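Whatever order the structure lists them in is the order used to number ligands and atoms, beginning at 1. These figures come from a predicted structure and were not determined experimentally.
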Amino acid sequence: MSPSRSAAAERIEKLREEIREHDYAYYVLNRPRISDEAYDRLLKELQTLEETHPELIAADSPTRRVGSDLTKTFPTVRHSEPMMSLSNTYSEEELLDFDRRVRELLEGERYAYVCELKFDGVAISLIYENGRLVRGVTRGDGEQGEDITNNLRTIRSIPLSFKPPGKEFDRIEVRGEALMFRDDFLKMNARRAEAGEALFANPRNSTAGTLKLQDPREVAARPLKFFAYYVRALGGKSRWKTHEEGLQELERLRFPVMAVHRVCQTVADVMRFCKEWEEKRDSLPFDIDGAVVKVNDLRQQQNLGATARAPRWAIAFKFKARQAVTAVRAISLQVGRTGVVSPVAELEPVFLAGSTISRVTLHNEDFINEKDVRAGDMVVIEKGGDVIPKIVSVVPDKRPANSKKYRFPSTCPVCRSPIEKAAGESAWRCENIGCDAQVKKRIEHYSSRHAMDIENLGEAVVAQLVDAGLIHDAGDLYFLKAEMLLELERMGKKSVENLLTAIERSKSQPLERLIYALGIRFVGEEGAKDLARDFKTLAALMQAGEDELVAVEGIGERTAHTIVHFFQNPGNRKVIKKLIDAGVNTKAASGHRPTVEAVFKGKTFVLTGTLPSLTRPEATRLIEDRGGRVSGSVSKKTDFVLAGEEAGSKLDKAKSLGVKIIDEATFLKMLGNR
Ligand code: IVH
């Protein structure tokens with residue numbers, strides 16, 4: 001080894017050791033020893049050294065926690081010993097039963113228990129070989145789980161390596177729970193709400209979802225934590241003889257072990273531990289749903305054995321969900337930024353598990369009907385594993401005599417336009433793009449990169465313009481004047497000019513972008529392209545009926561229905577009129593289409609039935625490229641009905657009106673150039 005290289009190797013090892021110390025102090029002991037800046041400097045130095053000496057990179061280096069490889073599917077791995085579940089008990093009697101069984105099976109031996117918290121997270125198994133983390137697996141069905149090593153490596157409190165203090169540590173399995181602290185979870189959800197992303201129901205779901213992400217960099221950005229509660233030597237005997245000693249070994253190896261655990265000599269002590277933590281659970285930074293009681297001695301554990309699904313030496317004492325009874329003052333409706341109309345129960349404020357609750361979601365119409373919740377009812381609310389309280393049931397005896405069943409309204413509580421419920425969905429939605437509740441989100445979408453791509457008009461500026469009352473919908477953008485904008489904060493001459501230029505430029509965006517920008521539900525970029533290609537103008541699209549829309553490749557019945565309703569909505573029509581008045585392009589570009597003679601100029605076609613070789617969009621294009629028009633219904637003004645197999649009522653109508661009917665062969669001949 002060259003001197004410079006051996007010096008580097010030494011320095012690298014020293015840095016790694018130091019950084020591991022700091023990680024341990026920060027993530028496991030919660031007692032940081034240096035400032036973030038000093039820590040970053042160490043990490044940076046290590047990174048630089050490893051870059052210049054790539055041959056010295058090691059998998060357990062603190063720089064290697066977060067990989068960049070995406071995992072599409074996680075391989076399935078069999079656990080060397082099944083990860084069993086625990087039997088649950090819900091009362092003191094059941095706990096006494098458990099203790100009686102243990103006593104009988106141990107035939108008079110003395111025994112003790114260890115009581116722990118039952119973390120409400122996701123169980124994980126970690127395999128270490130020669131002191132290095134080689135595999136991390138989810139519990140799965142207990143027999144086999146998914147290999148999520150790369151994601152687990154990003155959890156900073158999980159050691160990537162340790163110095164094996166003896167032979168029995170050469171191959172070990174550590175089990176424990178991955179979870180999120182409530183505060184971290186709430187902050188993360190708030191950020192997601194801000195970004196318009198789906199919210200997680202509780203820290204557990206959020207942990208489970210995070211562990212299955214494909215990109216470890218995303219996992220690293222989420223606040224996952226870990227607590228170890230089990231260690232096993234895979235290569236034979238271990239020197240720890242009790243569960244308690246196992247936890248101590250884990251602590252020595254620098255695994256995070258929850259400080260709250262207690263050795264109890266009697267079942268009465270066990271009961272005290274359970275009661276105590278049932279009361280104090282809200283003082284913990286994370287959710288627990290009970291306590292776990294384990295026979296301490298490992299040999300006794302072995303002798304007690306297990307049933308098919310759970311060990312006989314351990315049991316979970318489940319805490320009761322925290323409940324309260326209170327009155328529903330009213331049922332109100334909220335319109336979300338995407339138009340979803342959600343019912344909310346306004347409650348007589350009541351204190352439950354650490355916070356005062358005055359509103360609780362009623363989810364949707366189906367939920368209200370199922371529980372039959374009415375204004376004036378007394379309801380039981382509960383905070384279970386979820387941070388979010390929910391309505392469990394109505395107290396029927398307390399219902400006021402004059403109470404009336406709740407009827408879901410048919411109009412939006414904010415803008416009064418009719419609301420819609422798509423087939424197969426439970427949510428009612430307001431589809432009016434001018435609706436106050438949705439204004440900002442809609443305009444942001446209109447302006448976004450894949451829509452009208454208006455530079456400088458992001459979330460902050462949209463909010464500023466809406467809040468100042470300058471715009472109410474996308475149409476208003478085109479009527480903004482420099483004088484109005486200059487009044488606003490942070491709007492200098494240059495930025496106003498840039499913004500107005502960007503808005504002006506958006507007028508000539510292609511039709512497909514405009515269609516996408518309108519934000520019709522279920523119409524994504526692809527759908528917008530299909531619609532623009534087949535209808536050619538916004539006016540034609542607005543007049544299209546459901547069957548014409550369904551005929552477009554890529555447009556299904558649900559989307560067709562939504563499109564028709566979208567354009568019927570008076571609020572939406574008003575916005576579109578503004579766009580047209582402003583001079584926004586509403587026609588498909590015709591430049592790059594093949595130049596053919598306008599042999600169908602002024603002619604109207606109606607398509608019906610299935611043609612032998614052409615699809616409907618193809619036939620439509622052939623007609624329109626030649627100056628013709630395709631209409632959805634037959635009238636006296638129709639020039640030709642192009643009919644295929646199984647043509648229906650349109651064909652009959654054509655016959656009765658004496659409209660000329662042609663087949664595909666004739667049509668192709670008429671094209672002239674085929
Ligand atoms: S010991 C057979 N200890 O409970 C021993 N489990 O129902 C089972 N859990 O999937 C594991 N906190 O996710 C153990 N302190 C704790 C626990 C705990 C939570 C979970 C674990 C497991 C489930 C079993």
Side-chain angles (χ1 to χ4, degrees), residues 79-90 94-95 98 101-102 113-126 136-146 148 152 155 157-158 173-181 202-208 210-212 224-232 240 242-251 255-264 270 273-274 276-278 281 284-298 300-319 384-385:
H79 299 298
S80 65
E81 187 177 86
M83 289 180 82
M84 288 203 266
S85 36
L86 291 166
S87 314
N88 291 326
T89 54
Y90 297 89
E94 285 179 294
L95 186 70
F98 164 74
R101 275 197 305 277
V102 169
Y113 293 111
V114 178
C115 293
E116 292 172 9
L117 303 177
K118 188 168 190 306
F119 305 104
D120 197 6
V122 175
I124 293 298
S125 155
L126 303 169
V137 186
T138 61
R139 175 167 179 269
D141 63 3
E143 295 290 334
Q144 40 189 24
E146 285 174 299
I148 52 163
L152 290 170
I155 303 180
S157 55
I158 293 183
E173 178 183 10
V174 175
R175 291 183 183 174
E177 201 92 345
L179 48 80
M180 271 183 205
F181 282 12
N202 53 50
R204 178 175 19 84
N205 287 1
S206 152
T207 303
T210 301
L211 289 175
K212 298 274 180 72
L224 288 179
K225 298 272 193 320
F226 178 77
F227 286 114
Y229 49 62
Y230 174 87
V231 54
R232 185 163 64 95
W240 57 96
T242 64
H243 179 67
E244 166 77 355
E245 285 165 23
L247 294 181
Q248 284 161 359
E249 293 291 355
L250 284 172
E251 277 174 344
F255 281 86
V257 176
M258 181 62 199
V260 176
H261 60 265
R262 188 183 300 163
V263 179
C264 296
V270 169
F273 178 92
C274 295
E276 180 183 331
W277 283 100
E278 175 150 24
R281 60 197 291 198
L284 293 165
F286 49 83
D287 288 341
I288 58 174
D289 56 352
V292 183
V293 183
K294 302 173 179 175
V295 169
N296 193 18
D297 188 286
L298 298 186
Q300 289 179 335
Q301 284 190 3
Q302 192 103 77
N303 290 345
L304 287 163
T307 66
R309 45 174 297 280
R312 290 196 196 87
W313 48 266
I315 202 152
F317 180 87
K318 296 281 273 224
F319 297 157

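Annotation: side chain of Lys225 is not in contact with side chain of Pro256 (no heavy-atom distance under 4.5 Å). Leu126 is not listed as a side-chain neighbour of Glu173, based on a closest heavy-atom distance of 4.5 Å or more. Residues Leu86 and Lys118 are in side-chain contact: their nearest non-hydrogen atoms beyond the backbone lie under 4.5 Å apart. Contact annotation: the side chain of Asp120 never approaches that of Leu179 to less than 4.5 Å [non-hydrogen atoms, C-beta and beyond]. Counting only heavy atoms from C-beta outward, the side chains of Val260 and Glu276 never approach each other to under 4.5 Å.
Ring orientation note: the planes of Phe319 and Phe317 are nearly perpendicular, at an angle over 60° on the 30°/60° scale. Note on ring orientation: taking the six-membered ring where Trp is involved, the planes of Phe286 and Phe227 are tilted (angle from 30° to 60°).
Annotation: atom 23 (C) of ligand 1 to nearest protein heavy atom, Lys118 NZ, 4.0 Å. The closest protein non-hydrogen atom to atom 12 (N) of ligand 1 is Phe119 N, 3.0 Å. In this structure, the protein non-hydrogen atom closest to atom 7 (O) of ligand 1 is Leu86 N, 3.0 Å.
Put simply, no part of Tyr230 is less than 4.0 Å from ligand 1, judged by heavy atoms. Using a 4.0 Å heavy-atom cutoff, Lys294 is listed among the residues neighbouring ligand 1.
When non-hydrogen atoms are compared, ligand 1 lies under 4.0 Å from the side chain of Tyr229 (C-beta onward) but not from its backbone. With a 4.0 Å heavy-atom cut-off, ligand 1 is reached by the backbone of Leu117 but not by any atom from C-beta on. In Val292, the part holding a heavy atom less than 4.0 Å from any atom of ligand 1 is the side chain. Only the side chain of Glu116 comes within 4.0 Å of ligand 1, counting heavy atoms alone; its backbone N, CA, C and O stay farther away. Contacts with ligand 1 closer than 4.0 Å are made by no heavy atom of Arg175, backbone or side chain.
Minimum heavy-atom separation, Phe119 to Ile288: CA-CG2, 4.3 Å.
Against a heavy-atom cut-off of under 4.0 Å, Arg139 is close to the following atoms of ligand 1: 10 (O).
For the pair Met84 and ligand 1, the shortest N or O to N or O distance does not fall below 3.5 Å. Geometrically, ligand 1 and Pro311 share no nitrogen or oxygen pair separated by less than 3.5 Å. Taking only nitrogen or oxygen atoms, main chain and side chain alike, Glu177 reaches within less than 3.5 Å of ligand 1.
With hydrogens and angles disregarded, a donor-acceptor distance shorter than 3.5 Å links the side chain of Gln301 to the backbone of Val295.
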